[in-house]
Peer 1: 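Here's a structure for you.
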Amino acid sequence: MSSNPIAPMTSRQRVLAALNREPTDRTPVCNPTSVATVELMDLVDAPFPEAIRQPELMARLAARSYTELGFDTIMPVFSIIQESSALGCKIQWEQKDNWPTVRMSEPIWREPEDIKIPADFFSHPDICCVPEAIKILRKEFGDEVAIIGKTMGPWSLAYHCFGVEPFLLMSLDDPGKTKRCLDNLKEITINYGIAQIEAGADAVTLPDHATGDLVSGEYYERYLLDLHIEFAERIPGHIILHICGRTVDRMDAIARTNMSAFHYDSKNAPQESMDIVKDRIALVGNINNPQTLFSRGPEEVRKEVFENLDAGVQMIGPECAIPLQTSIENLKAIPRAVKEWHKQVDTK
Ligand SMILES: [Zn+2]
């Protein structure tokens, strides 16, 4: 007999409870970022780059995280270039075995005053396909599963539009200019987030790539903390912040944003991370991609899942968008390990 007093929940109820840091019948398995793989694309005939640009294919491929892998979430925004494409960045679209990328050697802007959001931005096909895919998924799955959208933060958008190096140099040399850039870009983040919540998403992932290796915790507080607080106030749904790399030096600040969750990287140990954020924000993660999910097996996956659960991490999933060649077997090992852990712990 289980000692967990919570009645059985649907996947959606489970994820929403975890986002609210409320009790769940079991810890949900979530993918705030892509779990698309070449194997899954072949299975449903929805390959990249078409599945990044056409809502029906996007929805069909995304649904596999729930129907095939057994996750509690569906997240149809596989790429990080939807907004940048609509802003006029040059995109290398690639094929099904590779991610599309922004050609950052050809930046479109140099100064904050150059930032011009095209009048047709929100009717651009690469923008519209995301809310359309969310609507398709909500119609198909109703209330049974959580649907997560994605809106890129201004720091990430600035990398794409100004180039990583020029923008990082600007952030070192000229804080005023850097803040004007972020301010001019933030409405994109807010309005795209709102559009996806209105289309039926339960939450949006907000990647803002002030990553551990490029930007310090002090910079996070200087440039992004206030903006992230503003996002939490103005986007009327759950926000899952996503920043890669070692981030313990900014987790205290992240815990003060009032966002619902932080999608954290395996470069941070589960327990040390939980000790910092305490009960101020939920954590989701942090199964390692390049080693564990990509090149090891279910046994190693299980070990990392257990480490997160032992630390009290509220949602379990891969640390970031998984490599496209990841095996389905390793992904299915995540929900299996979560259920196994609960069987052991809840019956104690
Ligand atoms: Zn990432």
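Indexing begins at 1, ligand by ligand and atom by atom, following the structure's order. Values reported hereafter were calculated over all heavy atoms of this structure, with side chains retained and with hydrogens, waters and symmetry mates removed.
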Peer 1: Is Lys135 salt-bridged to Glu140, cutoff N-O under 4.0 Å?
Peer 2: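 Judged by the 4.0 Å cut-off on N to carboxylate O distance, Lys135 and Glu140 do not form a salt bridge.
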Peer 1: Between Gln291 and Asn288, is there a side-chain donor-acceptor contact under 3.5 Å, judged purely by atom types and distance?
Peer 2: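 Yes, Gln291 and Asn288 have a side-chain donor paired with an acceptor closer than 3.5 Å.
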Peer 1: Tally every protein N/O/S atom whose distance to the Zn ion (ligand 1) is less than 2.8 Å; waters are neither shown nor counted.
Peer 2: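 That number is 3, waters not included.
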Peer 1: Check Phe162, Tyr219, Phe167 against Trp155 for a ring pair (Phe, Tyr, Trp, His ring centres under 6.0 Å) and give me the one that passes.
Peer 2: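 Filter result, single survivor: Phe167.
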Peer 1: Are Tyr220 and His228, when compared by the centres of their aromatic rings, separated by less than 6.0 Å?
Peer 2: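 Yes, the ring of Tyr220 comes within the 6.0 Å limit of the ring of His228, centre to centre.
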Peer 1: Would you call Arg180-Glu113 a salt bridge at under 4.0 Å N-O?
Peer 2: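 Judged by the 4.0 Å cut-off on N to carboxylate O distance, Arg180 and Glu113 do form a salt bridge.
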Peer 1: Looking at Cys181 and Met170, what are the two nearest heavy atoms and their distance?
Peer 2: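 Closest approach of Cys181 to Met170, heavy atoms only: SG-SD, 3.8 Å.
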